[in-house]
4 protein chains.
Amino acid sequence: MAHSVDDTRTGHRGNRHGRSEQARQSVLHAADGLLVERGFAQLTIEGIAARAGVAKQTIYRWWSSKTDVLMDAFVEDAAEDLQPPDTGDLDQDLRVHLRRLAGFLTGSDAGAVFRALAGQAQHDADLARRLRAEHLSHQRARDRLPLRRALERGELPGDFDIDLAVDQLVGPIYYRVLVTGQPVPASFTDALVDAVLAPLAPSH
Amino acid sequence: MAHSVDDTRTGHRGNRHGRSEQARQSVLHAADGLLVERGFAQLTIEGIAARAGVAKQTIYRWWSSKTDVLMDAFVEDAAEDLQPPDTGDLDQDLRVHLRRLAGFLTGSDAGAVFRALAGQAQHDADLARRLRAEHLSHQRARDRLPLRRALERGELPGDFDIDLAVDQLVGPIYYRVLVTGQPVPASFTDALVDAVLAPLAPSH
Amino acid sequence: MAHSVDDTRTGHRGNRHGRSEQARQSVLHAADGLLVERGFAQLTIEGIAARAGVAKQTIYRWWSSKTDVLMDAFVEDAAEDLQPPDTGDLDQDLRVHLRRLAGFLTGSDAGAVFRALAGQAQHDADLARRLRAEHLSHQRARDRLPLRRALERGELPGDFDIDLAVDQLVGPIYYRVLVTGQPVPASFTDALVDAVLAPLAPSH
Amino acid sequence: MAHSVDDTRTGHRGNRHGRSEQARQSVLHAADGLLVERGFAQLTIEGIAARAGVAKQTIYRWWSSKTDVLMDAFVEDAAEDLQPPDTGDLDQDLRVHLRRLAGFLTGSDAGAVFRALAGQAQHDADLARRLRAEHLSHQRARDRLPLRRALERGELPGDFDIDLAVDQLVGPIYYRVLVTGQPVPASFTDALVDAVLAPLAPSH
DNA sequence: TTTTAAACGAGACGGTACGTCCTGTCTTGCT
DNA sequence: AGCAAGACAGGACGTACCGTCTCGTTTAAAA
């Protein structure tokens with residue numbers, strides 16, 4: 001499904017020179033730009049092709065839909081900068097990570113693309129699958145990381161339910177972003193961390 | 001904007017001076033049915049008109065888009081059955097309410113309409129506004145109700161942050177429904193209640 | 001078909017006040033005006049009703065189509081002023097009459113209505129019938145009049161073919177107006193008279 | 001404006017780079033057929049597209065209106081078979097030519113198309129222009145031909161007014177066809193020839 | 001160096017749905 | 001009863017994109 005990077009690396013199977021990397025980049029940039037400038041509803045294959053200076057057929061050759069293009073654009077240029085810090089201080093690492101997550105979701109172009117994809121995934125099971133396989137599963141792993149490290153350091157009870165904790169930490173953030181549209185300030189993410197870690201404190 | 005309930009008062013035979021209640025009902029039912037049967041992407045104004053036995057112009061006369069129709073259909077026949085119980089037992093009331101909420105979001109036709117609308121709201125600020133004004137705000141009030149009653153009964157600390165607690169309770173549910181696609185079993189919603197109420201218990 | 005003049009004259013047969021003469025006039029004037037100002041293609045029942053300040057139903061009650069309205073407007077205010085003169089001088093009478101006919105067809109509002117009706121009659125056999133029955137037959141009689149009088153005065157041979165002569169006199173005028181679009185100056189109509197009357201002159 | 005004949009050179013299989021000759025032919029035939037079978041009022045772009053097995057957009061890409069299609073259909077398959085004979089006998093040539101013209105106007109499919117176009121041209125100045133430029137001017141040249149040849153042969157006075165004579169010959173025919181709807185028998189066209197040529201006879 | 005086959009820009013094609021306009025019918029409540 | 005008002009089912013309009021299909025042109029590896 002994802003015809004993203006290096007389908008052709010060492011092109012030598014009949015095709016003399018393989019896929020045009022320049023066309024690929026033009027398409028992804030055009031899609032990105034059009035989404036941010038005009039919104040998902042105004043985003044069309046024809047529009048992407050025109051802005052990218054590319055033939056429609058070139059898009060259809062390598063992507064199956066406009067959301068497929070958008071997924072590539074999203075995975076490519078935006079996904080990997082949400083690595084949580086690793087200072088050895090669980091509380092601090094979580095605070096920083098959640099603030100970054102909130103900032104990504106509410107304040108970045110990539111976040112806008114994510115929101116569009118997440119919205120479209122409600123009508124498109126294939127896109128939902130791809131979004132989970134290529135972004136959310138990795139993001140989830142990053143979200144778990146501080147807790148996993150703390151667990152390995154022995155700072156958390158052996159039966160600590162990391163998955164539940166992650167749902168409690170990031171669930172309210174996504175809820176505000178995707179459902180209520182409320183802002184997600186640091187005070188909010190900090191309060192989430194407090195609530196999850198409070199029961200673990202020595203006294204109360 | 002919302003031409004929802006009773007624009008017309010006594011109307012019920014087809015065409016009198018003013019809006020036809022019969023046409024209105026046909027359109028809402030057709031939209032509902034088509035969404036559930038064929039999905040949001042396959043839902044078209046022409047399709048609704050054809051199934052409802054109504055002229056396209058009649059739809060355009062009263063609604064501005066297919067999501068406007070869907071909002072009316074949703075508000076009309078689905079919204080108000082998520083009233084939380086009031087047994088006097090906060091813990092129990094919350095458990096029951098969250099289970100119902102999860103059931104609504106994941107297992108009902110109305111929930112499917114909600115997911116479609118929430119998805120589309122990511123691309124459509126007007127729809128987002130309407131969804132919040134006509135459904136989410138009321139739903140939020142219902143979600144707060146058990147906590148508000150408990151607070152009034154003196155079962156919660158005077159400085160208890162109800163809004164934060166609601167975000168912690170329902171956020172993870174919407175997150176699973178809209179983002180990860182995981183199921184939302186009673187064990188999950190119960191665990192959310194436990195986590196929110198635990199710090200309030202005298203000892204543990 | 002033609003609900004034209006005086007369907008109701010002394011309204012008193014169950015109807016409290018009969019047909020509204022004011023509505024009828026408004027409709028005819030509106031149709032006339034719209035045709036001249038915006039052309040036949042832009043002329044619609046809705047447009048006539050709006051400009052006349054009349055309900056569509058009122059038009060449909062009394063007329064069967066926009067051409068029916070136009071026929072009434074045409075018959076009413078334009079048809080009867082093409083009476084040929086009767087000076088006793090055939091040559092002069094014909095010259096004057098043809099000049100007036102050309103002026104009517106090319107230079108008057110009523111002529112514009114006639115051209116529109118004649119055009120539409122090419123696609124509408126009913127209209128063609130009505131146009132012939134209510135205008136062309138009378139017009140033809142007027143066109144024949146000078147020749148008929150001359151025949152009665154003994155100025156023409158007893159076997160003179162009046163119908164052929166009329167076709168020769170007015171045919172080229174209609175041809176220029178409806179087909180070639182050329183102007184129809186007095187020199188042209190005079191030449192037609194000359195050609196028809198020349199063979200009758202004693203010598204040449 | 002007129003995308004008539006051979007915009008494309010070698011095309012004949014459906015879709016090559018450039019216009020599809022097959023689609024063009026299908027559209028013209030469909031328009032022709034529908035006009036003759038159902039009349040001008042029932043002729044729609046959608047109907048033409050459906051019968052031609054062509055997308056509406058393909059029609060709009062190459063033609064500006066249904067009359068534009070009809071003009072192409074008319075110019076293509078109907079215009080050039082009204083060449084007057086050239087026997088050296090003016091009287092005979094004119095008789096034959098006028099009979100053919102009458103037959104064309106009253107009795108052929110192409111004549112039906114012409115009448116529809118001439119009617120529509122009363123409401124549409126662009127169409128009128130095109131009809132004159134692409135058909136009537138050539139037809140007029142053909143109508144003049146017998147007289148021009150006779151003039152060159154010295155059979156007519158040097159000051160003979162050919163244009164007036166043509167108007168006198170064909171005007172009454174078009175008048176009957178477009179205005180009165182009377183038939184145009186050979187006796188009528190012969191009488192027209194007689195009337196125009198009579199003054200030239202050596203005696204009377 | 002020449003051949004050669006995939007990828008490319010271009011854009012016409014058959015379609016579907018859009019949102020608008022007008023048709024002719026209807027019902028209402030006023031005059 | 002006729003009327004102004006206007007909602008209704010229907011159907012065509014002209015437009016925008018869809019996804020498919022040639023065209024003729026690069027272009028870089030293979031011959």
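When reading the values below, keep in mind they use all heavy atoms of this one structure, side chains included, and skip hydrogens, waters and symmetry mates. Here is the naming used below: chain letters follow the sequence lines, and residue numbers restart at 1 for every chain. Since this is a predicted model, take the numbers as computed values, not measurements.
Nearest heavy-atom pair across B:Ser20 and B:Ala23 is OG-N, 3.0 Å.
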Kindly give the atom pairs (protein nitrogen or oxygen, nucleotide nitrogen or oxygen) under 3.5 Å for nucleotides 12-14 of chain F.
residue, atom, partner, partner atom, Å
F:dC13, OP1, D:Ile45, N, 2.9
F:dC13, OP2, D:Ile45, N, 3.4
F:dC13, OP2, D:Glu46, N, 2.9
F:dG14, OP2, D:Tyr60, OH, 2.4
F:dG14, O5', D:Tyr60, OH, 3.4
F:dG14, N7, D:Lys56, NZ, 2.9
F:dG14, O6, D:Lys56, NZ, 2.7

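The line from CG of C:Asp68 to CH2 of C:Trp62 is 13.0 Å long, rounded to the nearest 0.5 Å. Taking CG from D:Leu70 and CD from D:Glu76, the interatomic distance works out to 12.5 Å, rounded to the nearest 0.5 Å.
Remark: B:Arg129 does not engage B:Glu134 in a salt bridge, criterion side-chain N to carboxylate O under 4.0 Å. Contact check on A:Asp32 versus A:Arg51 returns no salt bridge, with no Lys/Arg side-chain nitrogen under 4.0 Å from an Asp/Glu carboxylate oxygen.
A search for side-chain contact (heavy atoms from CB on, under 4.5 Å) contacts involving C:Ser26 returns C:Gln22, C:Ala52, not counting sequence neighbours. In this structure B:Arg38 satisfies the side-chain hydrogen bond (donor to acceptor under 3.5 Å, both in side chains) test with no other residue, sequence neighbours excluded.
Using five terminal pairs a side, the axes of the helix from E:dT1-F:dA31 to E:dT31-F:dA1 at its two ends make an angle of 0°, given in steps of 10 degrees.
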Expected list for residues 40-50 of chain A: side-chain donor-acceptor pairs under 3.5 angstrom, two or more places apart:
residue, atom, partner, partner atom, Å
A:Thr44, OG1, A:Gly47, N, 2.8
A:Glu46, OE2, A:Lys56, NZ, 2.8

Donor-acceptor pairs are to be reported for all side-chain atoms of residues 117-125 of chain A against protein atoms at under 3.5 Å, with residues two or more places apart or in another chain.
residue, atom, partner, partner atom, Å
A:Gln122, NE2, A:Ala118, O, 3.2
A:Gln122, NE2, B:Leu178, O, 2.7
A:His123, NE2, B:Ala116, O, 3.1
A:Asp124, OD1, A:Asp126, N, 3.1
A:Asp124, OD1, A:Leu127, N, 3.1

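The distance from atom CD of B:Gln22 to atom P of E:dC26 is 16 Å, rounded to the nearest whole Å. Residue B:Trp63 contributes atom CH2, which lies 13 Å from atom C1' of F:dA7 at whole-angstrom precision. The nearest whole Å value for the distance from the CD1 atom in C:Ile59 to the P atom in E:dT23 is 9 Å.
Remark: C:Trp62 is not in phosphate contact with F:dG2, judged by side-chain N or O atoms under 4.0 Å from OP1 or OP2. Applying the 4.0 Å criterion to OP1 and OP2 of E:dC8, one finds that A:Arg61 has a side-chain N or O inside that range. A sub-4.0 Å separation between OP1 or OP2 of F:dA7 and a side-chain N or O of B:Ser20 is absent. Between F:dG2 and C:Thr58, no contact under 4.0 Å exists linking OP1 or OP2 to a side-chain N or O.
The stretch residues 118-125 of chain B does not touch DNA chain F, since none of its heavy atoms comes less than 4.0 Å from the strand.
Side-chain atoms of A:Leu28 and A:Trp63, non-hydrogen and from C-beta on, do get closer than 4.5 Å to each other.
Each of A:Ala52 and D:Ala55 has a nearest nucleotide on DNA chain E; the 5'-most of these lies closest to A:Ala52. Between B:Gln42 and D:Val54, the one whose closest nucleotide on DNA chain E sits nearer the 5' end is D:Val54. Comparing B:Gly53 and D:Gln57 against DNA chain F, the residue whose closest nucleotide sits nearer the 5' end is B:Gly53.
The stretch residues 113-122 of chain D participates, sequence neighbours left out, in no salt bridge (charged side-chain N to carboxylate O under 4.0 Å, His left out) pair at all.
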